[in-house]
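Numbering of residues begins at 1 and proceeds along the displayed sequence. What's counted below: heavy atoms across the whole structure, side chains too, no hydrogens, waters or symmetry copies. Both ligands and their constituent atoms are indexed starting at 1 by order of listing. Given the structure is predicted, the values throughout are model-derived calculations rather than measurements.
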Amino acid sequence: MTFRVYNALSRTKEPFQSLEPGVVRMYNCGPTVYKRQHIGNFRSFVFADLLRRWLEYLGYEVRQVMNITDVGHILDDEEEGEDKIEAEARETGRDPWKISREETEVFLADAAELGILEPMVRPKATEHIPEMIEMVKGLIDKGHAYRKGDNVYFDVTTFERYGRLSGNKVEDLDAGARVAVNAEKRNPADFALWKSDPRHIMKWDTEFGPDGFPGWHIECSAMARKHLGDRIDIHTGGEDNVFPHHECEIAQSECFTGQPFANYWLHTKFLQVDGGKMSKSLGNVYTIDDVKARGYTPRQLRYALLRGHYRQPLNFTWDILQEVATALEGLDDLVARLRRAAEGESGAADEPRAGMEFVQAAQAEFEAGMNEDLNVPRALAALFGLRSHALEGHFGRESATAALEFLGRANGVLGILDLEERTLDAAVEALIAERQAARAAKDFAKSDELRDRLAAMGVELQDSADGVTWRLK
Ligand SMILES: [Zn+2]
């Protein structure tokens with residue numbers, strides 16, 4: 001079965017083939033660390049994680065690089081025209097170096113909570129200034145860039161494929177429309193590789209003057225090249241990265257190396273909140289802390305961010321998160337049922353291999369879904385299909401074991417199931433026994449109190465005719 005991906009460069013679904021057999025070189029645009037990342041930012045980071053995990057499931061060794069943009073990027077190709085970290089520093093009176101250091105730590109903690117695996121390298125832009133300068137100088141030498149005072153610009157007319165990724169045409173990029181008016185530039189669409197400004201706090205003394213700092217685009221080109229080489233397989237980012245960021249990366253990298261840069265470009269659509277763009281004025285720019293404050297877990301949020309197809313807009317509301325939590329409970333219940341069936345407890349079919357065909361079908365459907373441009377809704381439907389069979393007691397001991405093994409592999413990709421097998425330690429066992437005794441003696445006050453104590457330890461009890469079962473919340 002072939003893994004097919006939608007390549008933004010060709011605007012078609014293509015079979016994936018890596019440059020080197022068995023190895024994938026992948027670069028993911030990472031966060032700009034000037035403030036806490038919101039859950040919308042995390043949609044694209046969780047997607048990058050999913051893609052890496054799926055490639056690993058397929059047997060590839062994935063060399064994944066996700067950068068940290070820890071120096072303000074120039075936004076002269078967009079409306080804002082200001083560097084986010086420096087702007088935050090001026091607004092709050094904090095040191096920009098301190099802001100980016102602290103926000104990097106916060107980002108890493110949030111990413112870990114969301115089950116995002118550590119990439120091979122998380123390069124920081126501030127630690128790659130020499131590599132950027134090397135590329136800027138090389139681009140000047142080759143006639144693709146020019147210096148105006150202490151600023152350096154890329155001349156977009158020297159790269160005929162400029163605009164291929166985004167569909168923008170150089171002649172349409174009028175000054176004052178999507179690009180800022182700047183008298184220094186030869187062409188309105190030219191973009192800065194290196195800027196100088198004595199007011200900038202994060203700055204470097206180079207041959208381009210004492211007050212320089214890099215353009216955002218050159219940061220990613222230089223970090224990708226340093227850690228993955230001149231050519232890479234996959235480059236990802238959010239839909240807002242297509243233009244100008246990725247378009248400019250392609251121009252710089254390909255003009256510098258003379259080779260194609262990335263073979264596949266994948267972009268995640270924005271997360272919508274309450275059906276629209278999240279905004280400060282609506283108060284719906286949520287972070288992981290907001291999600292936790294409402295009593296939801298990072299695992300539930302990961303599910304909420306993954307459950308849609310990455311090229312479709314995805315909506316987030318608190319009601320949706322509640323539905324997601326319920327759906328996830330269904331999958332937790334599936335695991336619990338399979339575990340009991342695998343132990344030959346109640347609910348198992350007599351024939352050990354009963355239902356094996358359902359396990360095989362679920363796995364085939366899961367893989368087909370993921371291979372079809374990472375169609376997570378289809379892959380998830382395969383897991384819920386297994387649950388319907390489990391509810392009807394279709395699985396015997398062997399097939400339940402096989403289903404659990406499959407869920408383990410599927411979870412290596414999705415990272416949303418709780419498959420850790422836990423045994424209650426003696427203290428908890430004793431409390432449960434004590435509570436059973438209290439119930440038998442009709443001492444309900446004591447029984448309730450013990451139930452609450454267990455709940456505080458994360459143990460949830462379910463009373464039934466057969467006695468009591470438990471699970472960890
Ligand atoms: Zn980037």
Side-chain angles (χ1 to χ4, degrees), residues 7-9 25-35 37 40-49 51-52 63-78 80 83-85 100 103-104 107-108 111 116 119-129 131-132 135-136 139 154 159 162 164-166 168 191-195 202 213-257 260-270 310:
N7 187 354
L9 203 54
R25 291 174 174 79
M26 175 164 79
Y27 187 89
N28 314 119
C29 280
T32 300
V33 284
Y34 69 107
K35 66 176 178 192
Q37 299 290 299
N41 299 130
F42 275 105
R43 182 178 189 200
S44 128
F45 305 138
V46 165
F47 170 73
D49 181 61
L51 174 55
R52 170 246 177 103
R63 300 190 187 152
Q64 183 194 16
V65 175
M66 182 186 277
N67 71 291
I68 301 277
T69 301
D70 62 344
V71 52
H73 46 94
I74 311 159
L75 294 169
D76 64 352
D77 293 338
E78 293 172 15
E80 295 148 87
D83 155 342
K84 291 179 177 174
I85 298 175
S100 62
E103 290 305 326
T104 299
F107 167 73
L108 293 177
I116 293 175
M120 181 183 78
V121 197
R122 274 196 197 279
K124 291 181 178 162
T126 51
E127 291 168 2
H128 294 74
I129 300 296
E131 288 82 359
M132 296 175 207
M135 285 187 89
V136 174
L139 288 167
F154 185 94
F159 181 60
Y162 190 79
R164 199 176 128 197
L165 179 72
S166 59
N168 287 318
F191 56 90
L193 297 173
W194 193 258
K195 280 284 243 190
M202 302 175 97
F213 57 99
W216 173 30
H217 319 312
I218 197 72
E219 296 179 3
C220 283
S221 281
M223 287 186 275
R225 178 165 177 266
K226 165 85 182 281
H227 298 286
L228 295 168
D230 289 349
R231 298 191 64 184
I232 66 175
D233 294 292
I234 302 175
H235 198 308
T236 75
E239 62 174 316
D240 53 332
N241 290 149
V242 176
F243 187 86
H245 187 46
H246 289 168
E247 195 73 70
C248 296
E249 274 190 57
I250 294 173
Q252 300 160 156
S253 293
E254 300 197 354
C255 288
F256 181 79
T257 67
F261 176 37
N263 283 349
Y264 302 88
W265 289 83
L266 278 66
H267 298 105
T268 315
K269 279 266 189 296
F270 284 139
Y310 75 98

For the residue pair Phe45 and Phe107, categorise the inter-ring angle as parallel (less than 30°), tilted (30 to 60°) or perpendicular (more than 60°). perpendicular
What are the two closest non-hydrogen atoms of Phe42 and Gln37, and how far apart are they? CE1-CB, 3.5 Å
Ring pair (Phe, Tyr, Trp, His ring centres under 6.0 Å) between His128 and His227, intermediate numbers included: CA-CA 11 Å; His128 294 74; His227 298 286; 5.0 Å; yes
Which of the protein's N, O or S atoms come within less than 2.8 Å of the Zn ion (ligand 1), not counting waters? Cys29 SG, Cys220 SG, His245 NE2
Whether Phe154 and Phe191 hold their rings parallel, tilted or perpendicular, with breakpoints at 30° and 60°: parallel
Please name all residues satisfying side chain to side chain contact (heavy atoms under 4.5 Å, CB included) with Glu239, sequence neighbours left out, ordered by chain then number. Lys269, Phe270
Would you please classify the geometry between the Trp216 ring and the His245 ring as parallel, tilted or perpendicular, with 30° and 60° separating the classes? parallel
